[in-house]
Amino acid sequence: MTETTIPALATSFNPGSIHTPERIRARLIDFSPAERRVADAVLRDPFGVIHLSVSELAASADTSPASVIRFCATLGLRGFQELKITLASESIPSERRVLGEIQPGDGVAEITLKVMDTTARAVGQAAQTLDLSVLEAIAEQIVGARRVLFGAVGTSAPLAVDTAYRLTQIGIDATFALDVHTQHVSARMLRIGDVFFAISHTGSTFETLATTRAAKLSGATTVALTSFSHSPLTEVADLSLVAGSAETAYRVESMSSRIVHFAVLDALFVTLALRSSTSSAHLAMTEDVLIEHRI
């Protein structure tokens, strides 16, 4: 009787009415041994999962990131990010997820000051924790590269667009395509001496991971910029820059983290501009061209 009724009950769940821990307990019979370990880890500390990357949760459950993804699918979720968002929505008031330290009654002046302060603190914290030896190594790889290809999707894509353009301004052959299929094919066409630069806030975006693996298979040096030190992307990339912010704990797409990434990429650009023997000439040509587009 029990074996026939539990699956039927499980499929009738409304995710909006039953909290995730209860859904997990009701589905325990459906999980594989590896998925069951993930379930136990989530049940031990649902709120703590919000702060983890997929690799960190996998390590705490003594399993693989793939098992975490399968656990999410068995639970009826589209992936680990949806699990985190769901847990956050159940644990953190909606206004805090959107506003953070800002209160609903704050005026324009208070909101502006708090946003600016949060962003400044995020950049300052990143400056203290950034591995400068990795930044140095990435700069060396790019200076000596035949070409640089960027890979990113979603809110990370504008960072890739901007950085590829700025590197072009100093004479570095850098490109970025918005279409993920074009990114994937272009990455597979790289070769030894090229650099593939992946940008991903979570470090677990499927398309960016696939493109990074393709670049690695082609023989290119793979580098990454992400917010989480333990993620599928950092496991794949040859060199990883990790720079996040406190927002990453529960925000879906954290603006401060993107600003932190922009600052890191700006530091890399300045470093490359100083090291490239032809950057001054290329910058002069860029300014000459831009004059034609200004009054």
Side-chain angles (χ1 to χ4, degrees), residues 53-55 65 78-82 84 122-123 126 130-131 134-135 137-139 141-142 145 147-170 172-190 194-218 220-245 247-248 251-269 271-272:
S53 69
V54 63
S55 295
R78 290 169 294 179
F80 180 63
Q81 193 67 9
E82 185 175 8
K84 292 176 67 173
V123 173
L130 192 66
D131 191 334
V134 174
L135 186 63
I138 290 175
Q141 290 292 329
I142 291 177
R147 61 179 297 213
V148 180
L149 175 68
F150 283 85
V153 299
T155 55
S156 293
L159 283 75
V161 171
D162 180 79
T163 308
Y165 169 64
R166 296 179 73 197
L167 294 189
T168 301
Q169 288 181 315
I170 57 175
I172 294 174
D173 184 0
T175 57
F176 171 70
L178 283 169
D179 180 72
V180 292
H181 292 170
T182 303
Q183 289 182 38
H184 201 158
V185 171
S186 299
R188 191 63 184 88
M189 298 302 167
L190 295 175
D194 295 334
V195 170
F196 179 79
F197 199 134
I199 304 174
S200 173
H201 166 56
T202 64
S204 58
T205 304
F206 177 81
E207 292 85 357
T208 303
L209 285 170
T211 308
T212 305
R213 293 190 184 101
K216 197 175 186 72
L217 185 63
S218 74
T221 299
T222 55
V223 303
L225 174 60
T226 183
S227 298
F228 294 92
S229 58
H230 299 289
S231 67
L233 183 59
T234 58
E235 293 172 5
V236 173
D238 297 313
L239 296 166
S240 297
L241 276 172
V242 179
S245 76
E247 278 189 312
T248 60
R251 279 217 175 156
V252 180
E253 294 292 349
S254 48
M255 179 63 77
S256 286
S257 292
R258 291 202 294 279
I259 293 173
V260 167
H261 286 185
F262 260 126
V264 171
L265 291 167
D266 192 31
L268 177 63
F269 168 76
T271 300
L272 292 169

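Below, each value reflects all heavy atoms present in this structure, side chains not excepted, and no hydrogens, waters or symmetry copies. We number each residue from 1, following the sequence as shown.
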Are any non-hydrogen side-chain atoms of L241 and L135 less than 4.5 angstrom apart? yes

OG1 (T208) and NE2 (H184) are apart, to the nearest 0.5 Å, by 11.0 Å

Distance col, row I199:CD1 vs R258:CZ, nearest 0.5 angstrom, shows 12.5 Å

To the nearest 0.5 Å, atom NE2 of H201 lies from atom CD of Q81 at 7.0 Å

Self-check item: Pairwise side-chain contact, H261 with S227, heavy-atom cut-off 4.5 Å (strictly under)
Solution: yes

Checklist line | Heavy-atom side-chain proximity of S231 to S204 below 4.5 angstrom | finding: no

For D238 and A220, the nearest pair of non-hydrogen atoms, with its separation, is OD2-O, 4.0 Å

Heavy atoms of V260 and V123 approach each other most closely as CG2-N, 3.9 Å

TODO: List the steps and the verdict of side-chain contact (heavy atoms from CB on, under 4.5 Å) for I170 and F269.
DONE: CA-CA 9 Å; I170 57 175; F269 168 76; 3.8 Å; yes

T163 and F176, any side-chain heavy atoms less than 4.5 Å apart: no

Practice problem: Please lay out, stage by stage, how F80 and T202 fare under the test side-chain contact (heavy atoms from CB on, under 4.5 Å). | Solution: CA-CA 10 Å; F80 180 63; T202 64; over 6 Å; no

Value for CD1 (I142) from CZ (R147), rounded to nearest 0.5 Å, stands at 13.5 Å

For A160 and A152, the nearest pair of non-hydrogen atoms, with its separation, is CB-CB, 3.9 Å

Note: T222 and K216 closest approach over all heavy atoms is CG2-N, 3.7 Å

Closest non-hydrogen atoms of S200 and T205, given as atom of the first, atom of the second and distance, are OG-OG1, 3.5 Å

Heavy-atom side-chain proximity of V153 to F206 below 4.5 angstrom: no

Worksheet entry | Minimum side-chain heavy-atom gap D173-T175 below 4.5 Å | yes

- Query: Are the side chains of F197 and L268 in touch, meaning some heavy atoms are under 4.5 Å apart?
  - Reply: yes

To the nearest 0.5 Å, atom CZ of F196 lies from atom CD of Q183 at 6.5 Å

Nearest heavy-atom approach of A174 to T168 is O-OG1, 3.3 Å

CG of L272 to CZ of R166, rounded to nearest 0.5 Å, is 10.5 Å

message = Can you confirm whether V195 sits close enough to I138 that some side-chain heavy atom of one is under 4.5 Å from a side-chain heavy atom of the other?
response = no

Only residue of L149, T221, V148 satisfying side-chain contact (heavy atoms from CB on, under 4.5 Å) with L190 is L149

